[in-house]
Amino acid sequence: MPSYPKNYPFYNWMPKPLGIIILLFFFLPILTVGGVYSVNSTEMMSGLGIISEHIQFANFVTSIGMAAFAPFLYELVCVRREKMMCIVGFALMYIFSYICAKTDSVFLLALCSLLTGFLRMVLMMVNLFTLIWYAGGMEATRNITPGLEPKDAAGWNKLDIERCVSQPAVYLFFMILGQSGTALTAWLSFEYEWKYVYYFMMGILLVSILIIFITMPNYKFPGRFPINFRKFGNVTAFCVSLTCLTYVLVYGKVLDWYDDESIRWATAVSILFAGIFLYMDVTRRSPYVLLDAFKLRTIRMGALLYLLLMINSSAMFVNVFAGVGMHLDNLQNASLGNWCMVGYTIGAVIAMALGSKGLHFKYLFALGFFFLSLSAVFMYFEVQTAGMYERLKYAVIIRAIGMMILYALTAAYANQRMPFKYLSTWICIMLTVRMVLGPGIGGAIYSNVLQERQQHYITRYAQNVDLLNPDASTSFLGTVQG
């Protein structure tokens, strides 16, 4: 195990409570800074003259960058240079934010989003492991170092129970911080122009860099830098393949799927680079991901559960009704989303309480999907002309409870009896399925169904309703008269 200097990563004069607050503050730019911000998408689309699919695509590309980092997890968290990594990461994020604020190129927007996603995961893991050590004195790398697995069944059982308690707590921490950042950016976008969100985040990054210079000494890393840059060929193939697949899923509806040449090319390139990625991974002595991980039943089931979760937990039901039916602005939508924090908290408490008792995972998963189904049923009866904005928070809370239970305990289930050498590969699989494939497939399904139903009912309305209908007549005459 690596050793730490006294009061690492701060100077010796730094009080521990203040050091903890500083490390927590760093999560604000880490989790909030991005290539695009969904909460200011309406203003950004009108300002740049782009369609919503461009914003959605850039968001997915950010997630691809996050997934691409995962195989470097263990090597990077063992570097032990919080100051150097945060300064470099925050400085690069500053540059990417400036480019995103100024450019009208979708390609540059997506490229900066990809790189920002990669940096976000680097800084999030480095800062998290540093916080765990500084605040609790625990060496978190001990539970991810290959060769330090429990030696008997009793040790594995103890570790599995610990994960059932710790995973919901970690997820709750990050999801509440993420939602808080979303609320902040929504308020900034509402009060000012959409570009001011980027400028504010750039200011936060500069403040973070200043704090790092004042409070942290420069600790040198002993030995050779552990990252093998030859793996970045695998990273490139991985990112290109997933980006092209995401392009198909996001733009398929707009471009009429395979009637468009770019969709056909994107599919071909995605398959080609997926093949290149697999070939490079199989033939190298130091692979990017360990494909043997798919031999573990828990990992296969975990990936499937995440896929089902993300396809069935789409927020589109609430967002469409709130946006199209109630004409809510982005700030009101974000305020509605803040109720997620209540649901996340309730779900985390339920997951920790039942997980610590050793309840079988099948009952916990059934409970999570029950809450998702309950949220969908609630929305089915709520979508009506007399629907109330205040009542939508119940659907948001119920959905968040189910998501938290499934989010946290699926990760704990997949880690059961898993050798630590597969952890980085599992994180890559989890992020790819949970943040790219699942939402992409779910969004494609729901958006196409929504479009088909809208066309169906508009056609029926045009065929069967005329000025003899009192409601239609009142609406039409009111519009004509202004």
Side-chain angles (χ1 to χ4, degrees), residues 31 34-38 41 52-73 106-107 109-122 124-125 171 174-175 178 234-254 263 266-267 269-278 281 288-289 291 293-294 299-316 403 406-407 410-411 414 424-448:
L31 294 176
V36 294
Y37 301 93
S38 57
S41 58
S52 62
E53 280 73 16
H54 293 332
I55 309 295
Q56 188 181 358
F57 177 69
N59 268 323
F60 280 131
V61 171
T62 303
S63 300
I64 292 172
M66 295 174 67
F69 154 79
F72 301 109
L73 169 66
V106 178
F107 172 78
L109 202 62
L111 180 61
C112 291
S113 297
L114 178 73
L115 297 173
T116 300
F118 190 90
L119 289 172
R120 177 185 292 176
M121 279 298 292
V122 172
M124 184 167 64
M125 290 295 104
Y171 273 85
F174 282 122
M175 295 176 83
N234 302 62
V235 174
T236 302
F238 175 84
C239 292
V240 170
S241 178
L242 271 183
T243 301
C244 290
L245 177 60
T246 302
Y247 179 88
V248 174
L249 293 173
V250 172
Y251 290 97
K253 181 190 73 173
V254 178
I263 295 292
T267 303
V269 172
S270 178
I271 295 172
L272 174 63
F273 275 88
I276 293 173
F277 171 76
L278 292 175
D281 223 51
Y288 178 64
V289 295
L291 298 178
F294 287 100
I299 286 184
R300 296 196 304 271
M301 288 299 299
L304 178 62
L305 284 168
Y306 270 129
L307 184 64
L308 293 174
L309 164 63
M310 297 314 300
I311 290 177
N312 288 282
S313 63
S314 174
M316 182 177 290
M403 285 185 64
L406 292 169
Y407 258 26
T410 298
S424 296
T425 299
W426 158 245
I427 294 175
C428 182
I429 295 170
M430 175 184 68
L431 292 176
T432 301
V433 174
R434 195 185 78 196
M435 301 182 70
V436 182
L437 296 181
I441 295 172
I445 292 173
Y446 293 134
S447 62
N448 278 273

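This structure is a prediction, so every number in the text was calculated from the model and none was measured.
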Test log, rule side-chain contact (heavy atoms from CB on, under 4.5 Å), inputs I441 and L307: CA-CA 9 Å; I441 295 172; L307 184 64; 4.2 Å; yes
List the steps, then state whether side-chain contact (heavy atoms from CB on, under 4.5 Å) holds for V248 with S270. CA-CA 9 Å; V248 174; S270 178; over 6 Å; no
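- Aromatic ring orientation, Y247 versus F57: perpendicular (interplanar angle above 60°, classes split at 30° and 60°).
- Put simply, CE on M435 and CD1 on I64 are 10.5 Å apart, with the number rounded to the nearest 0.5 Å.
- Atoms CG and OG1, from L111 and T116 in turn, are 9.0 Å apart once rounded to the nearest 0.5 Å.
- Considering CD1 of I427 and OG1 of T432, their distance stands at 11.5 Å, rounded to 0.5 Å.
- Expressed to the nearest 0.5 Å, how far CG of L431 lies from CH2 of W426 amounts to 9.5 Å.
- Checking side-chain atoms of S241 against main-chain N and O of A237 turns up no donor-acceptor pair under 3.5 Å.
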Derivation of the side-chain contact (heavy atoms from CB on, under 4.5 Å) call for L305 and L406: CA-CA 8 Å; L305 284 168; L406 292 169; 5.7 Å; no
V433/L304 under side-chain contact (heavy atoms from CB on, under 4.5 Å): CA gap, chis, key distance, verdict: CA-CA 8 Å; V433 174; L304 178 62; over 6 Å; no
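- In terms of the ring-ring contact (aromatic ring centres under 6.0 Å, His included) criterion, F60 has no residue partners (sequence neighbours excluded).
- Across all non-hydrogen atoms, the minimal contact from A303 to I429 is CB-CG2, 4.0 Å.
- One finds the SG atom of C239 at 8.5 Å from the CZ atom of F118 (value rounded to the nearest 0.5 Å).
- The shortest side-chain heavy-atom distance between F69 and R120 does not fall under the 4.5 Å cut-off.
- Across all their heavy atoms, I299 and A414 have their closest contact at CG1-O, 4.1 Å.
- Closest of all the heavy-atom pairs between T410 and G302 is CG2-O, 3.5 Å.
- L109 places none of its side-chain heavy atoms less than 4.5 Å from the side chain of V61.
- Residues C428 and F238 share a closest heavy-atom pair of SG-CZ, 3.8 Å.
- Note that the OG1 atom of T243 and the CZ atom of F273 stand 10.5 Å from one another [nearest 0.5 Å].
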